[in-house]
**Q** 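Have a look at this one before I ask anything.
In what follows, chains are A, B, ... by sequence order, proteins preceding strands, each numbered from 1.
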Amino acid sequence: MATERYNPREAEPKWQKAWSEAKLFETDNSDPRPKYYVLEMFPYPSGRIHIGHTRNYTMGDVVARHRRALGYSVLHPMGWDAFGMPAENAAMQNKVHPGKWTYDNIDTMREQLKLMGLSIDWSREFATCDVDYYHRQQMLFVDFLEKDLVYRKQSKVNWDPEDMTVLANEQVIDGRGWRSGALVEQRELTQWFFRITKFSQDLLDSLETLTEWPEKVRVMQRNWIGRSEGLQLRWELLAGTAPEGESELEVYTTRPDTIFGASFMAIAADHPLAKKAAASNPDLAAFCEECRRHGTSVAELETAEKKGFDTGIRVVHPFDPDWTLPVYVANFVLMDYGTGAIFGCPSGDQRDLDFANKYGLPVIPVVMPADGDAATFQVTEEAYVDDGVMINSRFLDGMTPDAAFEEVASRLEAASMDGRPQAARKVQFRLRDWGISRQRYWGCPIPVIHCEECGVVPVPKADLPVKLPDDIDFEKPGNPLDRHPTWRNVACPTCGKPAKRETDTMDTFVDSSWYFARFTAPKADDPTDPKAANEWLPVDQYIGGIEHAILHLLYSRFFTRAMRETDHLDLAEPFKGLFTQGMVVHETYRTGSGAKGQWHAPSEVRLDDSGGKRRAVVIATGEEAEIGSLEKMSKSKKNTIGPEEITQSYGADTARWFMLSDSPPDRDVEWSDRGAEGAHRFVQRIWRVVTGAAANIAPGDAGDAGDESLAMRKAAHKALKAVGDDFEKLGFNRAIARVHELVNQIAPTVEKAAAGSDSDKAAAHEALSILVQLIAPVMPHLAEECWQALGYEKMVAETAWPVFDPALVTEDTVTLPVQINGKRRGEIIVAKDADKDSVERSALAADFVIHHLGGASPKKVIVVPNRIVNIVA
RNA sequence: GCCCCCUUGGCGGAAUGGUAGACGCAAGGGACUUAAAAUCCCUCGGCCUUUGGCCGUGCCGGUUCGAGUCCGGCAGGGGGCACCA
C-alpha cells in the first residue's frame with residue numbers, strides 16, 4: 001500500500017500547539033499524585049541554542065515524559081542563567097544595553113527550544129536577571145547576613161589597571177589581562193564572602209548519602225573540600241635570631257611523625273614573621289616581592305622552581321633544646337592554608353627534598369619500608385612517602401608512622417610553652433570561603449549601604465529590590481555602578497544621613513545556586529514557598545555537564561543548607577540524582593594554516609569519500625579543507641549545528657532520536673549527517689509500519705491469535721519491559737536499540753496480521769500501540785501522529801504507560817549453551833527452570849557432547865539454571 | 001607530581017562472572033525501477049583444509065568449571081586538581 005511520507009514540518013508544530021493548548025506540561029503544586037522533579041542545568045543566553053544543549057534537554061525530556069506516563073506529577077521547568085560578562089562585553093562592543101542583549105537572546109533561544117518539542121512547564125520560566133528573581137536573591141542575602149553566613153574581609157584580587165576591573169584567574173594570561181593585555185596587579189580589596197566553610201565537614205560527610213551521583217563527581221568534591229588531620233605545633237624561636245617581639249613560629253603538619261627528619265622551616269612571603277624580618281633586610285624584602293608577583297599566574301606556578309631565602313632566624317626543636325633549624329621564606333608555601341608555615345622534612349616530602357637538595361640542607365630518612373635496613377636506607381632524589389617503620393627518630397624508632405603520629409601529638413599536647421600546650425590536633429580543610437564580590441554591572445546588586453556613622457547596613461527588606469539602574473554607559477572603563485551620577489547616593493536606613501550603596505554585584509554562581517528551589521514556586525513573594533520547596537525538592541534527576549562537577553554543585557549544596565538555616569526550606573541536599581551528560585562533538589574543517597587558517601562550518605563544505613579517502617571541499621571555492629578532529633562544538637571553530645538546521649529538514653524527532661542513539665548518554669556523541677539520515681529513515685519506517693496496517697486493524701481480544709501473532713505480542717511485551725527499565729536507568733542508547741529490534745521483529749508480522757483474523761488484528765494493534773508508546777518519550781510528535789492513526793482519541797502524551805503481561809515475557813523453554821572445558825560446543829533446549837539433574841542428562845545425551853567426549857566420562861558437570869552448562873572432561 | 005576514568009569489528013557501541021560483537025552507521029552484493037531516490041533481501045572480526053575448526057575484547061600474569069567483566073603489574077588515551085604541608 002502506498003503511504004504518504006511522514007512530514008515533520010507539518011506534524012511537529014501541530015502537536016506542539018495541541019500540547020500547549022491542553023496545558024499538558026503545566027504542573028500544579030496541589031496535584032496529589034507522587035511528585036517527580038526533573039531538571040536540566042539551565043542555559044546561559046549566549047545568543048543561540050546549539051545541538052549540544054538540546055541533547056541535554058532531550059534526555060531530561062525523555063525522563064519527564066516517561067515519568068508523566070507512569071503517573072507522576074512531573075515538574076520540568078526551564079529558565080535562563082542570564083547575568084554575566086558576555087552581556088557587558090556585547091554592550092561595550094555593540095553599544096547595546098546588556099539587558100536588551102540578554103532578553104533578545106532569550107527570545108531567540110526560547111523559540112529554538114520550542115522547536116524541539118520539549119515537555120516544559122513554560123509558565124514557570126524566569127531569567128536570573130529578572131528583577132523579580134534578583135529581588136528574592138537579595139532577600140536571601142539579607143537573611144544570610146543576619147545568620148552570619150555572609151561577611152566581609154580583605155582579599156587579594158587580580159586587578160587590571162587599564163580596564164579598571166577585577167579579573168578571574170582564567171582571565172589572566174601570562175600575568176596579563178586577557179582583554180587589555182596590561183600587567184595584572186594584585187590588589188587587596190574588601191570583599192563579600194559566603195561562609196561555606198561553616199559546612200565543610202557536613203558537605204564532606206553528606207557526599208556519602210548521594211548514592212545516585214556519579215562516583216567521579218563525589219571524588220572531585222571530596223578532593224576539593226580536602227580534609228586533612230594534623231597537628232598545629234609551635235616552635236620556639238632561638239633568642240637573638242628573632243625579630244623584636246617574636247618568640248614562636250606556629251606550623252601545621254599532617255606528618256608530626258616525621259619531626260626528627262625536620263631540617264628547616266619554611267614560611268610564606270606574606271607571613272607576618274617574613275614581613276617583619278624583611279623590614280630590616282632589603283634582599284629578603286625583594287625576594288618576598290618576587291614571590292608575590294609569581295602568585296598571579298597559574299602557568300608560572302606550574303613550572304616554578306622551589307626557591308627560598310634564609311631569614312637568619314632559627315627555631316629550637318621541640319624534643320631537643322640543643323637542636324636548632326633555619327627559617328626560610330619559600331615560594332611554595334601558601335599563606336592562606338594552615339598557618340602559612342611548615343617544617344620541612346626532606347626525606348618524606350618531594351618538595352621539601354627538592355628544596356633541601358638545592359640549599360644543601362640535611363636529609364635524614366625517618367621512615368623506611370618495613371623490610372628495609374636502617375643502617376643503609378637512604379633518600380637522595382626521591383622522597384619516601386609510603387607506610388613503613390620509623391628510624392633515626394629516637395623514641396619513635398620501630399613504630400609505624402601512625403603510632404608515631406599519635407605519640408608525638410600526645411607528648412606535645414601535654415608539653416607546655418608559655419603556659420599553653422605546645423601543640424593541638426587540628427582538622428584542616430582546603431575549602432575556602434566563597435568570595436562573591438564582582439566589580440561589574442550586569443549582576444545582582446549586593447543589597448547593603450555603607451554609612452560613615454553606622455558602618456555596613458543591610459538594605460531593609462521593605463526597600464528591596466535594589467534595582468540596577470538602566471541609564472548606564474560603558475564608554476569608560478571600570479564598573480558603571482561605581483561612577484553612576486546618582487545611583488550610589490542613598491540615605492542611611494538607620495540614621496538617615498547621606499550614605500553610599502555597595503557597588504559590587506554578586507558572582508553569577510550565586511544566581512544558579514538556588515534557581516531549582518525558585519522553580520517550585522516561581523511567583524512566591526518570598527524567595528521560596530517552603531511547603532512547595534519541601535514537597536518538590538530534592539530534584540529527583542538533575543542533568544548537566546561535568547564542567548559543573550565542583551563549583552556549581554558545591555555552591556548549590558551550600559545554598560540549600562544556608563536556606564535551611566534561614567527557614568526557606570528544610571533539607572540539605574538539593575539534588576538526589578545527578579547525571580553528567582557527554583557533549584555533542586563534530587569534526588572541524590579548516591583551510592590554510594597558522595594565522596591565515598580559516599574554519600568552515602559543516603554547511604559550507606561538501607564531503608566526498610569516493611576512492612576510500614574522505615575529503616572535504618569548500619563549496620564556495622572548491623578548495624580542499626583539512627578534516628580535523630572531533631571537538632566540542634564552538635563558535636570559533638564553526639563546527640556548530642543549530643537545531644533549526646535539523647528541524648527544517650528532518651524534524652525535531654529525528655534530532656532527538658539520533659542524539660540519544662548509539663552513544664551512551666554520559667559519553668560524547670559525534671554529530672554526523674549520515675547518522676541523522678539513519679535516524680530519519682527509522683522515523684519514516686515506523687510511520688510506514690504503523691500506517692500501513694492501521695486502517696485494517698483494531699483493538700480487541702488477542703487471546704486466540706496464531707503463533708506468529710503470539711510471537712509478535714511477546715516481542716512487544718518483552719521490549720516494553722526492557723525499555724521501561726532502560727529509561728529508568730537513563731540507558732537511552734539501549735532503549736533505542738530495543739525499539740529497533742522490536743520493529744525488526746514485528747514489521748513483517750504486522751502486515752500479515754492486518755489480513756488475518758480479528759485476534760491477529762488485535763495482536764497487531766496491541767503491538768503497534770506498545771511500539772508507539774515506547775517511542776513517545778523520545779519522538780513525541782511522530783508518536784502522536786501514529787497514535788492518532790491507530791484510532792486513539794486522547795493524545796499519547798496524556799496516556800498512561802502500558803503494563804507488560806508477565807505471562808508474555810517468559811518462555812516455557814530455554815536454549816542453553818553447552819560448553820566443554822569452557823568452550824561452547826553446541827546448545828540444548830530444555831524446559832524453563834528444569835532441575836539440574838535433568839539438564840545434565842539432556843546435555844550428556846546431546847550428539848555433539850558424545851562426539852566431543854569420545855566415550856570418556858566427564859569429571860564434572862556444572863549446571864547454571866537457565867544460563868549455561870559446562871562439562872569438565 | 002597526585003587523584004579518577006577509559007581501551008571490544010572499518011566506526012559508535014551491546015553483553016547480572018555464563019553463547020563476545022545486540023542495535024545502529026559505513027561498506028559490498030542482489031531484487032524492484034527506463035533510470036534515480038525510496039524500499040526490500042543477503043554478506044559483513046581474523047585465519048584455515050569452510051555442514052567443521054582455530055584464534056580473537058590494549059599487553060603480561062593470576063583467581064575460577066568458566067574472565068570483556070574480578071585481582072596484580074605494564075602500556076596507551078582522556079579527565080580533574082595544582083606546590084594544601
Side-chain angles (χ1 to χ4, degrees), chain A residues 5 214-224 226-228 230-231 251-256 258 265-266 268 298-299 301-306 330-334 336-345 348-352 354-355 383 385 428-432 546-547 549-550 609 612 614 657-658 661-664 666-670 672-679 681-682 684-685 688 731 733-744 747-748 815-827 848 858-873:
Chain A
R5 281 173 66 78
E215 183 56 26
K216 176 158 82 162
V217 174
R218 292 197 286 168
V219 167
M220 284 162 72
Q221 293 228 341
R222 203 171 293 132
N223 292 341
W224 188 261
R227 183 184 193 272
S228 66
L231 199 65
V251 304
Y252 176 73
T253 178
T254 56
R255 294 295 303 276
T258 63
M265 313 295 286
V298 178
L301 268 182
E302 279 175 26
T303 50
E305 194 185 347
K306 310 271 171 290
N331 64 347
F332 63 93
V333 178
L334 307 173
D336 51 1
Y337 186 78
T339 62
I342 62 161
F343 77 76
C345 172
D349 184 291
Q350 193 60 46
R351 286 161 308 171
D352 295 349
D354 294 345
F355 191 83
V385 297
Q428 187 81 41
F429 292 93
R430 215 189 69 125
L431 183 67
R432 310 285 159 75
I546 186 72
E547 67 272 23
I550 298 176
D609 50 357
R614 292 188 70 228
W657 188 260
F658 171 65
S661 56
D662 293 353
S663 285
D666 52 348
R667 283 207 214 163
D668 292 351
V669 62
E670 184 199 349
S672 75
D673 288 341
R674 311 222 177 194
E677 279 165 29
R681 274 202 298 274
F682 190 66
Q684 295 294 353
R685 185 170 181 213
R688 261 197 325 275
N733 58 323
R734 286 193 307 269
I736 284 173
R738 307 264 190 209
V739 172
H740 274 286
E741 214 164 8
L742 176 62
V743 173
N744 290 342
T815 303
L816 286 189
V818 178
Q819 297 181 332
I820 295 170
N821 291 333
K823 281 191 199 307
R824 194 184 83 96
R825 294 300 174 184
E827 51 194 33
F848 64 90
K859 291 201 186 94
K860 194 174 172 186
V861 179
I862 291 132
V863 177
V864 183
N866 301 325
R867 271 289 177 197
I868 203 168
V869 179
N870 191 8
I871 298 168
V872 185

**Q** Applying a 4.0 Å non-hydrogen cut-off, can you work out what A:Lys823 is touching in the nucleic acid: base, sugar-phosphate, or nothing?
**A** sugar-phosphate
**Q** Under 4.0 Å between a side-chain N/O of A:Arg825 and OP1 or OP2 of B:rC54, yes or no?
**A** yes
**Q** Could you run down nucleotides 19-24 of chain B 5' to 3' and tag each one B, S or - for protein heavy-atom contact under 4.0 Å?
**A** B--BSS
**Q** Classify the side chain of A:Arg432 and the base of B:rC84 as holding, or not holding, a donor-acceptor pair under 3.5 Å.
**A** yes
**Q** Rounded to whole angstrom, note down the C1' distance from B:rG62 over to B:rA67.
**A** 11 Å
**Q** How long is the line joining CZ of A:Arg674 and P of B:rG10, in whole Å?
**A** 19 Å
**Q** Can you tell me the distance, in whole Å, between the CG atom of A:Asn821 and the P atom of B:rA67?
**A** 11 Å
**Q** Please lay out, stage by stage, how A:Asn223 and A:Arg218 fare under the test side chain to side chain donor-acceptor pair (under 3.5 Å).
**A** CA-CA 9 Å; A:Asn223 292 341; A:Arg218 292 197 286 168; over 6 Å; no
**Q** Using atom C1' in both nucleotides, what's the gap between B:rU69 and B:rA14 to the nearest angstrom?
**A** 13 Å
**Q** Drop me the distance from A:Trp224's CH2 to A:Arg430's CZ, to the nearest 0.5 angstrom.
**A** 5.0 Å
**Q** Of the nucleotides B:rC65, B:rC4, B:rG80, which has the atom closest to the A:Asn870 side chain?
**A** B:rC65
**Q** Report which part of the nucleic acid A:Asn223 touches: base, sugar-phosphate, or nothing (heavy-atom distance under 4.0 Å, all strands).
**A** sugar-phosphate
**Q** Please give, in whole Å, the distance from B:rC11 C1' to A:Asp668 CG?
**A** 16 Å
**Q** Using whole Å, what does the distance between atom C1' of nucleotide B:rG79 and atom CZ of A:Arg667 come to?
**A** 13 Å
**Q** Base, sugar-phosphate, or nothing: which does A:Val864 touch, judged by heavy atoms less than 4.0 Å apart?
**A** base
**Q** I want to check something: taking the side chain as every heavy atom from C-beta on, are A:Arg825 and A:Gln819 in contact at a cut-off of under 4.5 Å?
**A** no
**Q** Between B:rC81, B:rC4, B:rA26, which nucleotide gets closest to the side-chain atoms of A:Val219?
**A** B:rC4
**Q** Please report, rounded to the nearest Å, how far the P atom of B:rA85 is from the CZ atom of A:Phe355.
**A** 18 Å
**Q** Would you write out the dot-bracket form of RNA chain B, 5' to 3', with Watson-Crick and G-U pairs under 3.5 Å, [ ] for crossing pairs, | for pairs to other strands and . for unpaired bases?
**A** (((((((..(((.....[....))).(((((.......))))).((((...))))..(((((..]....))))))))))))....
**Q** Using a strict cut-off of less than 4.0 Å between a Lys/Arg side-chain nitrogen and an Asp/Glu carboxylate oxygen, indicate whether A:Arg674 and A:Glu677 qualify as a salt bridge.
**A** no
**Q** Taking atom types as modelled, is there a side-chain donor on A:Arg824 or A:Asn870 under 3.5 Å from an acceptor on the other?
**A** no
**Q** For the side chain of A:Asn331, starting at C-beta, report the closest nucleotide among B:rC83, B:rC84, B:rG13.
**A** B:rC83
**Q** Using whole Å, what does the distance between atom P of nucleotide B:rG79 and atom NZ of A:Lys216 come to?
**A** 10 Å
**Q** Report the glycosidic orientation of B:rG9: syn if within 90° of 0, anti in every other case.
**A** syn
**Q** For A:Ser228, which contact category applies under a 4.0 Å heavy-atom criterion: base, sugar-phosphate, or nothing?
**A** sugar-phosphate
**Q** Over 60° means perpendicular and under 30° means parallel, so tell me whether A:Phe355 and A:Phe332 are parallel, tilted or perpendicular.
**A** perpendicular
**Q** Using a cut-off of strictly less than 4.0 Å, decide whether A:Tyr337 has a side-chain nitrogen or oxygen near OP1 or OP2 of B:rA85.
**A** yes
**Q** Quote, to the nearest angstrom, the C1' distance that separates B:rU43 from B:rG17.
**A** 33 Å
**Q** Going from CZ on A:Arg255 to CD1 on A:Ile342, what distance comes out if it is rounded to the nearest 0.5 angstrom?
**A** 13.0 Å
**Q** Have a look at A:Val861 and say if it touches a base, only the backbone sugar-phosphate, or nothing, with a 4.0 Å heavy-atom cut-off.
**A** nothing
**Q** Choosing from B:rC65, B:rA14, B:rA85, which nucleotide comes nearest the side chain of A:Arg351?
**A** B:rA85
**Q** Roughly how far apart are A:Ser228 OG and A:Tyr252 OH, rounded to 0.5 Å?
**A** 3.0 Å
**Q** Looking at A:Lys306 and B:rC83, is any side-chain donor or acceptor paired with a base atom of the opposite kind under 3.5 Å?
**A** yes
